[in-house]
Amino acid sequence: MSADRRKILVTSALPYANGSLHMGHLVEYLQTDIWVRFQKLRGHDCIYVCASDTHGTPIMIKANELGESPESLVERVSAEFARDFADFGVDFDNFYTTHSPENEQLTVELYEALREKGDIYTKSIEQAYDEKKGMFLPDRYVRGTCPVCGAEDQYGDACENCHSTYTPADLIDPVSVVSGTTPVTRESEHYFFRLSDYEDRLKAWMASAKLDRAVVAKLDEWFEAGLQDWDISRDAPYFGFRIPGTDDKYFYVWLDAPVGYPASFMNLCARRDDLDFDEYWKPGHDTEVYHFIGKDIMYFHTLFWPAVLEGAGWRTPTSVFAHGFLTVNGQKMSKSRGTFITARTYLDNLDPNYLRYYYAAKLGPTIEDIDLNLEDFVARVNSDLVGKLVNIASRCAGFIGKRFDGKLADSLADPALFDEVAAASERIAGHYEQREYSKAMRLVMGLADKANRYIDEHKPWVMIKDESQQDAVQAVCTQGLNLFRSLMIYLAPVLPDVADRARSFLGEAEWHWENASTPLLGATINKFQPLLTRVEADKVNTMVEQSKESLAAEPAAEADDDTISIDDFMKVDLRVAKIAAADPVEGADKLLKLTLDLGDSTRQVFAGIKAAYDPATLVDRHVVVVANLAPRKMRFGVSEGMVLAAGPGGEDIFLLSPDDGAEAGMRVK
RNA sequence: GGUGAUGUAGCUCAGAUGGUUAGAGCGGCGGACUCAUAACCCGCAGGUCGGUGGUUCAAUUCCACCCAUCACCA
């Protein structure tokens with residue numbers, strides 16, 4: 001089976017050290033940990049490293065607010081991370097920090113290599129500057145009124161209302177989030193990485209990495225749009241590493257964050273004689289490197305990071321595994337609903353093995369989101385783990401313990417059934433390897449059903465009353481316990497604590513994957529203790545209550561009926577408009593760009609009527625337009641209204657027209 | 001608006017290169033058992049596989065369009 005011993009280095013994304021871990025983070029760490037434990041159980045050399053991500057403006061500002069140094073903030077939060085991970089059984093070989101000498105050394109090394117190749121250049125850019133605080137402001141730290149739609153209190157880079165993108169300088173009445181003062185625009189010299197040169201090399205890497213379909217689709221989209229060079233510097237004051245040869249320029253946090261992977265590994269190498277840094281990070285070695293990430297940071301891990309490594313002459317990742325987000329009870333996590341559950345709150349109430357199993361039962365290899373449905377969680381865990389799995393041991397152990405002094409029979413009662421479970425070994429392993437955990441769990445639980453059925457058919461509780469059947473009872477229970485044992489080995493990556501307890505119960509020192517295919521016979525086992533107790537729904541409720549944040553104002557309840565008042569209707573400013581020009585839009589199948597005359601103004605509106613109307617016939621026609629619709633940024637420009645039309649779409653779409661006499665600009669009421 | 005994903009029993013999800021009665025677990029109902037952490041075993045219920053149209057001898061599975069939800073648009 002495991003023919004060659006593989007050398008594998010695995011990472012999870014670095015948690016940003018400005019807040020607590022929550023259920024969403026855990027999807028990734030548990031997914032990765034299960035994979036790593038599986039590889040180790042199979043006998044491979046698998047190293048799992050991670051670190052806290054510690055640099056950047058948000059941490060600098062947060063530390064400032066708390067009146068402490070960034071160093072002490074990240075140290076405190078990192079220690080909290082480490083405790084949470086340990087308590088969830090996330091078993092890193094090294095959990096380090098990006099604020100480390102190794103990270104600085106490697107970041108500079110990569111940067112220098114890129115610079116020598118000519119892949120770094122400088123360019124002056126304009127950026128918002130807070131004169132009171134004496135610092136440049138990231139776009140997200142400037143808020144103001146959207147210049148396109150007029151929505152108030154929007155971020156400096158994009159409007160959440162109309163989805164326009166712009167720069168902080170475009171905002172109306174911009175305000176620095178840090179000081180509350182009005183920022184000014186200043187020029188500053190920034191360092192750029194020539195990512196645009198890497199398209200071919202990235203495409204070649206992509207093909208070799210066998211990325212998930214959906215990830216490839218997303219990358220293709222980015223290539224299609226054209227790769228932009230990457231701004232890798234930030235001005236002082238900044239919490240990070242200073243760029244060599246400058247006084248006041250720092251590496252952008254997203255440059256040094258992924259370097260945290262090799263840096264954490266380097267830190268581990270210093271303690272482990274068996275590990276050689278270059279073997280995992282320089283070309284020409286037979287090792288594998290995998291990054292587990294969330295789909296939100298694909299851009300950094302599938303473009304920037306491989307390009308930086310490639311450019312600097314390092315090896316590129318074998319692959320990048322992206323997962324989806326977590327919803328709770330079908331919705332985004334919410335503090336008011338109590339579904340924004342931190343790792344610690346969970347641990348205060350529930351056993352981590354429950355969550356490990358539940359996530360495993362739902363996880364696949366794709367970037368699809370998974371849902372933590374709390375009712376389903378209770379039912380699933382109790383039914384699968386306690387009712388089926390642990391129950392197998394529980395119902396056999398009593399007989400062996402009381403009637404046979406804890407001694408297992410010397411042979412199996414039904415070798416064929418055991419072989420059937422053993423034969424599933426490689427299929428289950430294949431599912432783990434492919435991160436098809438939900439399939440692996442289904443397979444294992446199907447076998448657990450068979451084991452329970454087996455016991456039910458042989459009825460040891462009946463046989464035990466017949467003196468001549470004593471050996472048969474021992475054999476049947478030995479059979480049952482061996483089925484349980486094999487299944488438990490299969491689940492050891494998911495349920496490490498339960499597996500440990502089960503192993504001790506069976507009196508074995510250690511387990512390897514292949515042990516599942518050989519029965520344990522003639523051995524003396526220990527007294528059975530409950531391996532896992534049921535999830536109590538009350539505990540889940542308590543956890544939710546503890547996660548609730550009281551909100552000052554509850555959002556107004558939505559009206560139940562769907563009628564509107566006349567006032568509501570009057571909010572809609574419908575106007576007659578004359579089509580001044582109608583043009584097809586390059587690259588859009590359905591859209592026409594209409595230039596509308598509203599009497600006192602003209603505006604541009606995109607309408608999905610291309611299939612139904614020839615642009616030439618539209619000019620000079622009168623139509624009805626929603627004039628006060630928030631402008632919306634589309635790929636092809638800003639649409640400043642909506643032309644009314646009826647019909648299902650495609651060729652069956654019919655514009656509304658006023659009768660003769662109506663003039664451009666008239667209000668419809 | 002573009003791109004991608006998703007939409008299958010009350011719930012969580014499988015599945016079908018198109019072909020007789022579409023599956024599992026949970027929940028529900030009925031029965032059986034009493035070894036087991038009220039677990040397990042047997043049986044039943046029930047879904048026009050998001051909608052419309054098309055291709056086909058045949059579509060839930062292929063195609064087109066539509067609707068809904070989610071994500072990304074650096």
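Below, chain A is the first sequence line, B the second, and so on; all start at residue 1. Source: prediction; values computed, not measured.
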Aromatic contact, F193(A) with Y198(A) (centres under 6.0 Å): yes
Closest-nucleotide ordering on RNA chain B, the 5'-leading residue of D456(A) and I370(A): I370(A)
Separation of the C1' atoms in G27(B) and G10(B), to the nearest angstrom: 7 Å
Distance, P atom - from A64(B) to U48(B), rounded to whole angstrom: 26 Å
For atom CD1 of I297(A) and atom C1' of C72(B), their distance in whole Å: 14 Å
Separation of atom CD in E375(A) from atom C1' in C11(B), rounded to whole Å: 8 Å
Phosphate OP1/OP2 of G25(B) contacted by K388(A) side-chain N/O (<4.0 Å): no
Under 3.5 Å side-chain donor-acceptor pair for D414(A) and Y454(A): no
Pairing of K123(A) and D231(A) as salt bridge, 4.0 angstrom limit: no
N373(A) side chain, from C-beta outward: closest of C35(B), U12(B), C41(B): U12(B)
Euclidean distance, atom CG of residue L483(A) to atom C1' of C35(B) [Å, nearest integer]: 16 Å
d(CG, D351(A); P, U37(B)) in whole Å: 18 Å
Atom C1', compared across G53(B) and A45(B): separation rounded to whole Å: 34 Å
A39(B) and C26(B), which share atom name C1', separated by this distance in whole Å: 15 Å
Atom-pair distance (OH on Y359(A); P on C13(B)), nearest Å: 13 Å
Contact nearer the 5' end of RNA chain B, comparing K450(A) with T533(A): T533(A)
Sugar-phosphate, base or nothing in reach of P530(A), heavy atoms under 4.0 Å: base
Below 4.0 Å: OP1/OP2 of A71(B) and any side-chain N or O of K332(A): yes
C33(B) to A58(B) separation - C1' atoms, rounded to the nearest Å: 47 Å
Nucleotide of C42(B), C13(B), G25(B) approaching D376(A) most closely (side-chain heavy atoms): G25(B)
Among U6(B), A36(B), C41(B), the nucleotide that comes nearest once only the side chain of E368(A) is considered: U6(B)
Sugar-phosphate only, base, or nothing, as touched by L531(A) at under 4.0 Å among non-hydrogen atoms: base
P-based separation of C13(B) from U8(B) [nearest Å]: 10 Å
Sugar-phosphate only, base, or nothing, as touched by V390(A) at under 4.0 Å among non-hydrogen atoms: base
Pair assignment for U56(B), Watson-Crick or G-U wobble, requiring both distances under 3.5 Å: none
Among C40(B), U12(B), C70(B), the nucleotide that comes nearest once only the side chain of S383(A) is considered: C40(B)
Touch class at under 4.0 angstrom, heavy-atom based, for N391(A) against every strand present: base
Minimum-distance nucleotide (side-chain atoms of W461(A) versus A36(B), U12(B), C33(B)): C33(B)
Nucleotide nearest F399(A) when distance is taken to its side chain, options C72(B), C35(B), U37(B): C35(B)
Complement of C13(B), any strand, by Watson-Crick or G-U distances under 3.5 angstrom: G23(B)
Interatomic distance where CG belongs to D384(A) and P belongs to C13(B) [whole Å]: 14 Å
Rounded distance [0.5 Å steps], CG in L255(A) versus CZ in F300(A): 11.0 Å
Of the listed nucleotides U37(B), U12(B), C40(B), the one nearest the side chain of K362(A): U12(B)
Watson-Crick or G-U wobble partner of G4(B), both distances under 3.5 Å: C70(B)
C1' gap between C72(B) and A59(B), integer Å: 32 Å
Under-4.0 Å side-chain N/O to phosphate OP1/OP2 contact, R534(A) with A38(B): no
Over all atoms of both residues, closest heavy-atom pair of L481(A) and C396(A): CG-CB, 3.8 Å
Length of the line joining F325(A):CZ and A71(B):P, which is rounded to integer Å: 8 Å
Touch class at under 4.0 angstrom, heavy-atom based, for G330(A) against every strand present: nothing
Per K439(A) side chain, nearest of listed nucleotides C41(B), A36(B), G15(B): G15(B)
Over 12 non-hydrogen atoms of neighbours within 6.0 angstrom of NZ in K407(A): yes
Partner nucleotide of A36(B) by Watson-Crick or wobble geometry (both distances under 3.5 Å): none
Phosphate OP1/OP2 of C72(B) contacted by K295(A) side-chain N/O (<4.0 Å): no
G18(B) pairs with, by Watson-Crick or G-U criteria that keep both distances under 3.5 Å: none
Assigned partner base of G43(B), Watson-Crick or wobble definition, under 3.5 Å: C29(B)
Atom pair distance, as rounded to whole Å: CG in D220(A) and C1' in A5(B): 15 Å
Sugar-phosphate, base or nothing in reach of L532(A), heavy atoms under 4.0 Å: base
Side-chain heavy-atom pair D376(A), Y358(A) within 4.5 angstrom cut-off: yes
Ring-face cation of R234(A) near F251(A) (centre distance under 6.0 Å, axis angle within 45°): no
P gap between C49(B) and U60(B), integer Å: 7 Å
Sugar-phosphate only, base, or nothing, as touched by G398(A) at under 4.0 Å among non-hydrogen atoms: nothing
Output a table of donor-acceptor pairs, distance under 3.5 Å, between side-chain atoms of residues 495-504 of chain A and any protein atom two or more places apart or on a different chain; print 'none' if there are none.
{"unit_1": "D497(A)", "atom_1": "OD2", "unit_2": "N353(A)", "atom_2": "ND2", "d": "3.2"}
{"unit_1": "D500(A)", "atom_1": "OD1", "unit_2": "R503(A)", "atom_2": "NH2", "d": "3.2"}
{"unit_1": "R501(A)", "atom_1": "NE", "unit_2": "L531(A)", "atom_2": "O", "d": "2.9"}
{"unit_1": "R501(A)", "atom_1": "NH2", "unit_2": "L531(A)", "atom_2": "O", "d": "2.9"}
{"unit_1": "R503(A)", "atom_1": "NH1", "unit_2": "E508(A)", "atom_2": "O", "d": "3.0"}
{"unit_1": "R503(A)", "atom_1": "NH1", "unit_2": "A509(A)", "atom_2": "O", "d": "2.8"}
{"unit_1": "S504(A)", "atom_1": "OG", "unit_2": "D500(A)", "atom_2": "O", "d": "3.0"}

